[in-house]
Amino acid sequence: MGRDTIADIITSIRNAEMDKKEMVRIVSTNITENIVKILLREGFIENVRKHRESNKYFLVSTLRHRRRHKKGPYRTIFKRISRPGLRIYSTYQRIPKILGGMGIVILSTSRGIMTDREARVERIGGEILLYIW
């Protein structure tokens, strides 16, 4: 039985936020690298660097936290949509808008992993991986 790398990313980030950690370590694969790049570009994480440990590569991500005068960490909510047991596909016209466009949808398309805005511009649909807000 294979591993669900996308669920591993979500769980690692969620657990690090709840434990108020500043950094999270994620196993580096092509899918995880692309999703972390989107999270960095959209501002959900602050920094990413690649780290090698005994012939395995890891992505070390710095989580975004609230300003000092506010309580708690910056809370990011992830919702896994398509999963190994149930794949969810959508055309570009039917890609949902999360919080009226405030959140993002990450899709796996024939042109790579991209956000909902990029997929609408390129007029391409695909597998809806997760919602983030």
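When atom types are taken as modelled, the side chain of S82 and the backbone of L129 share no donor-acceptor pair closer than 3.5 angstrom. No donor-acceptor pair closer than 3.5 Å links the side chain of R52 to the backbone N or O of F58. The backbone N or O of T29 lies less than 3.5 Å from a partner atom in the side chain of T32, making a donor-acceptor pair. Between the side chain of D19 and the backbone N or O of N15, no donor-acceptor pair lies under 3.5 Å.
When all heavy atoms are compared, the tightest approach of D4 to P84 is OD2-CD, 3.6 Å. Contact record, W133 with F44: C-CE2, 4.3 Å, taken as the closest heavy-atom pair. Here the closest non-hydrogen pair linking R41 and T115 is NH2-CG2, 4.1 Å. For the pair H51 and E53, the tightest heavy-atom approach, listed with the atom from each and the gap, is NE2-OE2, 3.4 Å. Considering every non-hydrogen atom in both L59 and K50, the closest pair reads CD2-CG, 4.2 Å.
Side-chain N/O atoms of E17 and T76 include a donor and acceptor closer than 3.5 Å. Checking Y92 against R120 by side-chain atom types alone, no donor-acceptor pair falls below 3.5 Å.
Judged by the 6.0 Å and 45° rule, K79 forms no cation-pi pair with Y131.
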Derivation and outcome, side-chain hydrogen bond (donor to acceptor under 3.5 Å, both in side chains), residues S28 and E33: CA-CA 6 Å; S28 179; E33 283 184 20; 2.7 Å; yes

Check the pair I88, E127 against side chain to side chain contact (heavy atoms under 4.5 Å, CB included), reporting the backbone distance first and the verdict last. CA-CA 6 Å; I88 306 295; E127 181 183 355; 5.9 Å; no

For L107 and I95, what are the C-alpha separation, side-chain angles and deciding distance, and is it a side chain to side chain contact (heavy atoms under 4.5 Å, CB included)? CA-CA 9 Å; L107 295 113; I95 297 172; 3.9 Å; yes

Show your reasoning for whether side chain to side chain contact (heavy atoms under 4.5 Å, CB included) applies to R117 and E122. CA-CA 9 Å; R117 284 176 246 132; E122 294 194 25; over 6 Å; no

Kindly determine whether M23 and R25 satisfy side chain to side chain contact (heavy atoms under 4.5 Å, CB included), including the steps that lead there. CA-CA 7 Å; M23 293 192 171; R25 193 174 84 162; over 6 Å; no

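In this structure the side chain of I128 reaches within 4.5 angstrom of the side chain of P96, judged on heavy atoms. Using a 4.5 Å cut-off on side-chain heavy atoms (C-beta onward), I106 and I104 make contact. Counting heavy atoms from C-beta on, the side chains of E118 and I124 never come closer than 4.5 Å. Side-chain contact between K97 and M102: absent, with no pair of heavy atoms (C-beta onward) separated by less than 4.5 Å. Contact of the L39 side chain with the I13 side chain is registered, since non-hydrogen atoms from C-beta on lie closer than 4.5 Å. For the pair I77/I132, no side-chain contact is recorded, criterion being any heavy-atom separation below 4.5 Å from C-beta on. Contact annotation: the side chain of M18 approaches that of R14 to within less than 4.5 Å [non-hydrogen atoms, C-beta and beyond]. By the 4.5 Å heavy-atom criterion applied to side chains, I45 and T62 are not counted as neighbours.
Linking ILVMFWY side-chain heavy atoms closer than 4.5 Å, directly or via other members, places I81 and I10 in two distinct hydrophobic clusters. Placement of I9 and I38 within a single hydrophobic cluster is found when ILVMFWY residues are connected by side-chain heavy-atom separations under 4.5 Å, directly or transitively. By the criterion of side-chain heavy atoms lying less than 4.5 angstrom apart, applied directly or through intervening Ile, Leu, Val, Met, Phe, Trp or Tyr residues, V48 is grouped together with L130 in one hydrophobic cluster.
The distance from atom CG of L40 to atom CZ of R64, rounded to the nearest 0.5 Å, is 9.5 Å. With values rounded to the nearest 0.5 angstrom, I26 atom CD1 is found 4.5 Å from S61 atom OG. The CD1 atom of I35 lies 6.5 Å from the OG1 atom of T5; values are rounded to the nearest 0.5 Å.
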